[in-house]
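A short write-up of the structure that comes next.
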Amino acid sequence: MKLSRYFLPTLREDPADAQVLSHKLMLRSGMIHPTCHGIYSWLPLGLKVLAKLERIIADEQDKAGCHRILMPTIQPATLWRDSGRYDDYGKEMLRIKDRHGRDMLYSPTHEEVATDIMRQFLKSYKQMPLNVYQIGWKFRDEIRPRFGVMRGREFLMKDGYSFDVTKDAAVAAYKKVVISYLKTFERMGLKAIPIRADSGAIGGDLSHEFHVVADTGESEIFYDCEYDALSANTMSFDDIERIYSAADDKHDPANCQIPTEKLRTARGIEVGHVFYFGTKYSKAMGLSVVGRDGEAIFPEMGSYGIGVSRLVAAIIEANHDKNGIVWPASVAPFKFGIITASWQDPSIVDIAEDLYQKMITRNVEVVYDDREERAGVKFADMDLIGIPFQIVLGAKCNDGIFEWKDRRTGERMDLTLEALFNKVDENDDCKNFVKR
RNA sequence: CGGGAAGUGGCGCAGCCUGGUAGCGCAUCUGCAUGGGGUGCAGGGGGCCGGAGGUUCAAAUCCUCUCUUCCCGACCA
């Protein structure tokens, strides 16, 4: 992408309305545009990041054996009357009427629709275990939307629903999702702490929240430093049950088992929440299958959510510096950036154009700042929008030398074209993605 | 909804107290210069001062109402 032709409305100053850093940076880098209170349009740069997150989430879900579907945002009230939640769910649920006067709603969550689908599909215990998920928009008419997409009213969520024959199987499905979530967050460059939680409006008796550690997090969390050393790839659910973690409302310093020197205190942003709630919905909505002995079985269910649009903000909260966003490479809108330090030297522009074309041909995610601006402006914008790897073309590129800059470390090195492409390949996990 | 604050070119702000018909920085456009870390100079365009009503010869400025936004509380991915 050439920046001169891109739709990237960057701002030099923080909008006065934005309070938190991620919101300021998302507005300044032209990722989002506020459409009304708590409702945002996603501009090209922001949408690219959302798509990256979706891709990682979908990949991990698929690996965990879940099946992607897509459910409607507008739903009939009848389904919610079946589950008993139409009257229970408060003003967060946006209620509307269609032209025939039928009660409809913009869905805040999808347990009812998922259960309804399975009422049609699930006939036998042999069809389970089954786990379906979607990545779709939700609407919750929050009392007080704030912090940009961190707490918007309309938000993108990955929500999944599991159906199992027995409680043991359902709990196993639950544990599997928890582990896959940890892998998902780790791939986004995030440190996520699972914390035992109340199940709230969804109901049920087993629930975990996932908190991303960031200085500007909304809640205070406490956890054993052992989490720092663990990798999601080797972690088991037993580790999660064994290792201490709690949010501020649950943490009791007097009864905390672990020694204070091992206790970590941090701010956390809740980016995921999972529930096991048994037969609550299957019984209420009449979802049953035939068991081995011909008996009726109400599937044991769980639901699993990741706040995708909130994750964008959470990643920024956890990855920024004074110059702007510092995207982890796996979620960056563009992995590589090309900057010409002088646009008036035609040879440099030609070399930049050539390099850009070569990278495009290799299907590399690259943004080329071809604008007729001072180098300083280009550097500032590349840093603001958080491009992880930046290639700078100066006088030395006439001798075949390119400067490579790592946004995270600030490290710079001079490379030949061949070395440059090795470096590009080494850092281009898109190709690895496809291979896998 | 309760408690605070604020609405003035695209963005950030000043002007308001003490009414006289709008200004600065950034952005944008033009020209010249510049060319390795948010360039310099000069010139230009763009605002019925959130909206409605009132007071007044005269309202961005004073009064009333209203809408919107932000912060604190209850809610949550």
Side-chain angles (χ1 to χ4, degrees), chain A residues 9-20 23-24 27-28 30 33-34 36-39 53 57 89-93 107-110 135-160 181 185 192 197-202 207-212 218-219 247 268-275 303-314 322-324 339-346 348-349 369 371-384 390 392-397 401-403 405 410 412 414:
Chain A
T10 57
L11 297 170
R12 302 247 161 136
E13 283 170 290
D14 289 333
D17 290 346
Q19 304 298 319
V20 297
H23 191 199
K24 289 177 185 175
L27 291 166
R28 284 190 50 202
H33 178 264
C36 73
H37 195 212
I39 299 178
L53 300 190
I57 290 168
Y89 222 100
K91 288 183 175 174
E92 276 83 52
M93 186 156 81
S107 184
T109 178
H110 282 68
I135 297 172
W137 293 93
K138 303 269 185 290
F139 190 92
R140 292 182 191 171
D141 202 355
E142 293 280 343
I143 299 169
R144 185 150 87 90
R146 60 188 136 163
F147 307 148
V149 299
M150 189 84 87
R151 184 183 301 290
R153 291 194 289 175
E154 188 184 38
F155 56 97
L156 189 63
M157 183 177 176
K158 174 266 157 182
D159 48 319
Y181 271 25
F185 296 130
D198 291 332
S199 42
I202 308 278
S207 178
H208 283 82
E209 292 173 356
F210 295 80
H211 285 258
V212 163
E218 283 188 273
S219 46
I269 301 166
E270 188 189 344
V271 294
H273 202 159
V274 295
F275 308 87
S303 70
Y304 315 93
I306 293 176
V308 185
S309 45
R310 173 181 286 183
L311 263 173
V312 178
K322 65 179 183 354
N323 295 324
I339 298 172
T340 50
S342 164
W343 58 267
Q344 210 169 37
D345 178 346
I348 293 179
V349 177
D369 195 341
R371 296 174 302 173
E372 296 185 356
E373 300 276 357
R374 292 273 297 211
V377 175
K378 300 181 183 182
F379 283 117
D381 278 350
M382 280 286 171
D383 282 354
L384 173 63
Q390 300 170 17
V392 184
L393 279 71
K396 279 186 283 188
C397 74
I401 300 297
F402 300 83
E403 183 184 304
K405 175 189 158 189
R412 299 183 209 177
D414 284 343

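Letters go in sequence order (proteins before strands), and every chain restarts at 1.
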Taking the six-membered ring for Trp, does A:F155 stack with B:rA77 (centroid gap under 5.5 Å, planes within less than 30°)? yes
Show every donor-acceptor pair shorter than 3.5 Å between a side-chain atom in residues 153-160 of chain A and any protein atom, with sequence neighbours excluded, or say none if there are none.
unit_1, atom_1, unit_2, atom_2, d
A:R153, NE, A:H37, O, 2.9
A:R153, NH1, A:D141, OD1, 2.9
A:R153, NH2, A:H37, O, 2.9
A:E154, OE2, A:Y106, OH, 3.2
A:K158, NZ, A:Q61, OE1, 3.3
A:K158, NZ, A:Y181, OH, 2.7
A:D159, OD1, A:Q134, NE2, 3.3
A:D159, OD1, A:K138, NZ, 3.0
A:D159, OD2, A:Q134, NE2, 3.1
A:D159, OD2, A:K138, NZ, 3.1
A:D159, OD2, A:Y161, OH, 2.5

Partner nucleotide of B:rA5 by Watson-Crick or wobble geometry (both distances under 3.5 Å): B:rU69
Using a 4.0 Å heavy-atom cut-off across all strands, classify A:D383 as base, sugar-phosphate, or nothing. base
Interatomic distance, A:E372 CD vs B:rU34 P [rounded to whole Å]: 15 Å
Pairing partner (Watson-Crick or G-U wobble, both distances under 3.5 angstrom) of B:rU28: B:rG44
With rounding to the closest Å, how many angstrom separate the P atoms on B:rC49 and B:rG7? 15 Å
Students often get this wrong, so: under 4.0 angstrom with heavy atoms, is A:V392 touching a base, only sugar-phosphate, or nothing? base
Could you give the distance separating B:rC48 and B:rG9 at their C1' atoms, to the nearest angstrom? 12 Å
Using whole Å, what does the distance between atom P of nucleotide B:rU39 and atom CZ of A:R374 come to? 6 Å
If I take atom CD1 from residue A:I39 and atom CZ from residue A:F139, how far apart are they, to the nearest 0.5 angstrom? 4.5 Å
Can you list everything that forms a salt bridge (charged side-chain N to carboxylate O under 4.0 Å, His left out) with A:D414? Sequence neighbours excluded, please. A:K396
Can you tell me, in whole Å, how much space there is between the P of B:rC13 and that of B:rC29? 24 Å
Classify the nucleic acid contact of A:K24 as base, sugar-phosphate or nothing, counting any heavy atom under 4.0 Å across all strands shown. nothing
Nucleotide of B:rA77, B:rG36, B:rC11 approaching A:P15 most closely (side-chain heavy atoms): B:rC11
Just to verify, what does A:K405 make a salt bridge (charged side-chain N to carboxylate O under 4.0 Å, His left out) with, not counting sequence neighbours? A:D383
To the nearest Å, how far apart are A:R144 CZ and B:rG4 C1'? 11 Å
Anything under 3.5 Å between a protein N or O and an N or O of nucleotides 66-69 of chain B, put it in a table, one pair a line.
unit_1, atom_1, unit_2, atom_2, d
B:rU69, OP1, A:H37, N, 3.4
B:rU69, O2', A:D17, OD1, 3.1
B:rU69, O2', A:D17, OD2, 3.1

Contact class for A:Q19 (heavy atom, under 4.0 Å): base, sugar-phosphate, or nothing? sugar-phosphate
With 3.5 Å as the limit, what N/O pairs link the protein to nucleotides 26-31 of chain B?
unit_1, atom_1, unit_2, atom_2, d
B:rA27, OP1, A:R12, NH1, 3.3

Under the 3.5 Å rule, do the base of B:rC76 and the side chain of A:R146 count as making a donor-acceptor pair? no
Length of the CZ-P vector between A:F139 and B:rC76, whole Å: 17 Å
Rounded interatomic separation in angstrom, taking CG from A:L11 and P from B:rG12: 8 Å
Mind checking ring-ring contact (aromatic ring centres under 6.0 Å, His included) for A:H208 and listing every partner two or more places apart, or none if nothing turns up? A:Y174, A:F237
Starting at atom CG of A:D141, determine the distance to atom C1' of B:rC1, rounded to an integer number of angstrom. 13 Å
Applying side-chain contact (heavy atoms from CB on, under 4.5 Å), name anything that partners A:I348, two or more places apart in sequence or on another chain. A:T340, A:S342, A:D345, A:L393, A:C397, A:N398
Determine whether any donor atom in the side chain of A:R412 lies under 3.5 Å from an acceptor atom in the base of B:rG37, or the reverse, and answer yes or no. yes
On RNA chain B, nearest-nucleotide positions of A:D14 versus A:N323: which is more 5'? A:D14
In Watson-Crick or G-U wobble terms, both distances under 3.5 Å, what is the partner of B:rC62? B:rG54
Separation of the P atoms in B:rU61 and B:rU55, to the nearest angstrom: 15 Å
Residues in side-chain contact (heavy atoms from CB on, under 4.5 Å) contact with A:F147, at least two apart in sequence or another chain: A:V20, A:M150, A:E218
NA contact type, A:A395, heavy-atom cut-off 4.0 Å: base, sugar-phosphate, or nothing? base
Specify the separation, in whole Å, of atom NZ of A:K91 and atom C1' of B:rA74. 13 Å
Looking at side-chain heavy atoms only, is the closest gap between A:D381 and A:R371 below 4.5 Å? yes
Drop me the distance from A:E403's CD to A:R412's CZ, to the nearest 0.5 angstrom. 5.0 Å
Between the side-chain atoms of A:R151 and the base atoms of B:rC76, is any donor-acceptor pair under 3.5 Å? yes
Roughly how far, to the nearest 0.5 Å, is NE2 of A:H211 from NE2 of A:H273? 8.0 Å
Using the C1' atom as the reference point in each nucleotide, state the distance between B:rG54 and B:rG46 in Å, no decimals. 32 Å
Nearest-nucleotide check on RNA chain B, A:E154 vs A:T10; residue mapping nearer the 5' end is A:T10
When the P atoms of B:rA60 and B:rC41 are considered, how many whole Å apart are they? 34 Å
Closest to the A:E403 side chain, choosing from B:rG36, B:rC11, B:rU34: B:rG36
Rounded to whole Å, the NE2-P distance (A:H273 to B:rC75) equals 14 Å
Touch check for A:G148, heavy atoms < 4.0 angstrom, all strands: base, sugar-phosphate only, or nothing? nothing
Could you tell me which nucleotide pairs with B:rA22 by Watson-Crick or G-U wobble geometry, both distances under 3.5 Å, or answer none if nothing does? none
Backbone of A:I269 reached by a side-chain donor or acceptor of A:R310 within 3.5 Å: no
Base, sugar-phosphate alone, or nothing: which one does A:E270 contact when heavy atoms must sit under 4.0 Å apart? sugar-phosphate
Could you measure the distance from the CZ atom of A:R151 to the NE2 atom of A:H23? Nearest 0.5 Å is fine. 13.5 Å
Applying a 4.0 Å non-hydrogen cut-off, can you work out what A:F147 is touching in the nucleic acid: base, sugar-phosphate, or nothing? sugar-phosphate
P atom, B:rG47 versus B:rU8: distance in rounded Å? 15 Å
Checking A:R146 now: which residues fulfil salt bridge (charged side-chain N to carboxylate O under 4.0 Å, His left out) with it, not counting sequence neighbours? none
What's the gap between B:rC26 and B:rC16 when it is taken at their P atoms, as a whole Å value? 23 Å
Under 4.0 angstrom, heavy atoms only, what part of the nucleic acid is A:G272 near: base, sugar-phosphate, or nothing? sugar-phosphate
